[in-house]
Number of protein chains: 2
Amino acid sequence: MEKCDPVCEGTSPEIADQVKAELLEDRSAVSIADLFKALGDPTRIKIIHALSLHELCVHDLTIVLGMGQSAVSHQLRYLRNLRIVKRRKEGKTVYYSLDDNHIEQLFVLTRQHLEHD
Amino acid sequence: MEKCDPVCEGTSPEIADQVKAELLEDRSAVSIADLFKALGDPTRIKIIHALSLHELCVHDLTIVLGMGQSAVSHQLRYLRNLRIVKRRKEGKTVYYSLDDNHIEQLFVLTRQHLEHD
DNA sequence: TTAATATATGAGCAATTATTCATATGTTGA
DNA sequence: TCAACATATGAATAATTGCTCATATATTAA
C-alpha cells in the first residue's frame, strides 16, 4: 500500500472518499464472491444446468457429466453447503435438485449477457 | 470414470440420457463459468461495486480498496479482458467504468438472493 | 450376516490464482 | 531533456482448488 497524499489530479478526492464510504464491507464482498465462485467452474455449471432440467441422483449425474462418482460427490457437497442444491434420500439413492430459483435466474441473465455480445 | 451399466434403480435411464442430450456443451459451460469466475473474488466484487457507484481512476481505486496499485491494475486488466469494465484515458490518468449493465443486474439479483436467506 | 450397490469423505497432487516486487511505458510540466 | 506522476506488466510466490485414489458409511437383498 503506497502513499496517496497527492491524489491524482483527474478526480476530486471527495469522490474517492464518498465511494469508499459507500463501498461494500469486506464480509459482504466475500459473501457475494463466494456465491459467484460456486458458479465459476464448468463442472458445477453443468451440474446446476442438469438439475435445472431434472432432479437427478448422483449416479445419473456421473453419466450425464461423464465424470467419476467421487468428483461429482465432492462438487455436490460444495453446492449443498452453499444451499445451491438440496438432496432427497430414497432408499440407497440420493436425489439432488436446485434449492432456490434465484440461481436459475442468475443463469438466464448470464446467458443473455453472453449471447448479447 | 467407472462402469455405469446397471443404472441405479431410482431413476429411469431415459431421463439421464435426455438430460445428457440437452446439457450445455463444454464451451458454453466454460464461457458461463469464466464470467462467474470473474465475479468470484472479493477484490473484483469491490471494484465492480465501486465502479457501479462512480467512474474512477486507478489511483482512486487503490485508495478506495486500500490495495497496492499493481494488484488493482492486474485485476482491472482481468476485468477488461472480459469486457466487464472499460477505460477512458485523459492525460496521465485512466478512468475505469462498467462496460455493461448486465453485470449490475447480476449484482442486484445476487444480493437479493443472499438477503433472502 | 454377507455381498452388492449408492453415496460420502479424507489425503494427496497438479493446476490455477491473487498478490507483491521490480521495472517498463506513457504523459506532463519545468 | 529530465524529473515526477500514473498506469501497466512480467516473474515469483503463497494460497486455493478440482480431481483421483482409497476407503468409509449406509441401505437393501439374499
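- Residues Val30(A) and Leu65(B) do not share a hydrophobic cluster, clusters being chains of Ile/Leu/Val/Met/Phe/Trp/Tyr side chains in contact below 4.5 Å.
- Of the candidate nucleotides dC19(D), dA18(C), dA8(D), dA8(D) has the atom nearest to the side chain of Gln69(B).
- Applying the salt bridge (Lys or Arg N to Asp or Glu O under 4.0 Å) test to Arg80(A) and every residue at least two apart in sequence or in another chain returns nothing.
- Pairs passing the side-chain hydrogen bond (donor to acceptor under 3.5 Å, both in side chains) check and including a residue from residues 31-43 of chain B, sequence neighbours excluded, do not occur.
- Distances shown here put a side-chain N or O of Lys89(A) below 4.0 Å from the OP1 or OP2 atom of dT27(D).
- Checking dT9(C), dG18(D), dA6(D) against the side-chain heavy atoms of Thr93(B) singles out dA6(D) as nearest.
- Partners of Glu25(A) under the salt bridge (Lys or Arg N to Asp or Glu O under 4.0 Å) rule, at least two apart in sequence or in another chain, are Arg27(A).
- Of the listed nucleotides (dA6(C), dA8(D), dT9(D)), dT9(D) has the atom at the smallest distance from the side chain of Arg77(B).
- Contact annotation: Arg87(A) side-chain N/O to dA8(C) OP1/OP2 distance is under 4.0 Å.
- Annotation: proximity of residues 29-52 of chain A to DNA chain D (heavy atom, distance under 4.0 Å) is found for Lys37(A), Asp41(A), Thr43(A), Arg44(A), numbered in ascending order.
- Side-chain to base pairing of Ser70(A) with dC21(D): one donor and one acceptor N or O lie within less than 3.5 Å of each other.
- Counting atom types as modelled, His74(B) pairs no side-chain N or O with a base atom of dT7(D) as donor and acceptor under 3.5 Å.
- Taking 4.0 angstrom as the limit, Tyr78(B) places none of its side-chain polar atoms (N or O) nearer than this to OP1 or OP2 of dT16(C).
- The side chain to side chain donor-acceptor pair (under 3.5 Å) test applied to Arg87(A) returns no partner, not counting sequence neighbours.
- The shortest distance between the side-chain N/O atoms of Gln75(A) and the OP1/OP2 oxygens of dT17(D) is not below 4.0 Å.
- Judged as a salt bridge (Lys or Arg N to Asp or Glu O under 4.0 Å), the pairs with a partner in residues 42-54 of chain A (not counting sequence neighbours) are, in order, Lys46(A)-Asp26(B).
- Each of dT7(C), dG26(C), dT19(C) was ranked by its minimum atom distance to the side chain of Lys92(B); first place goes to dG26(C).
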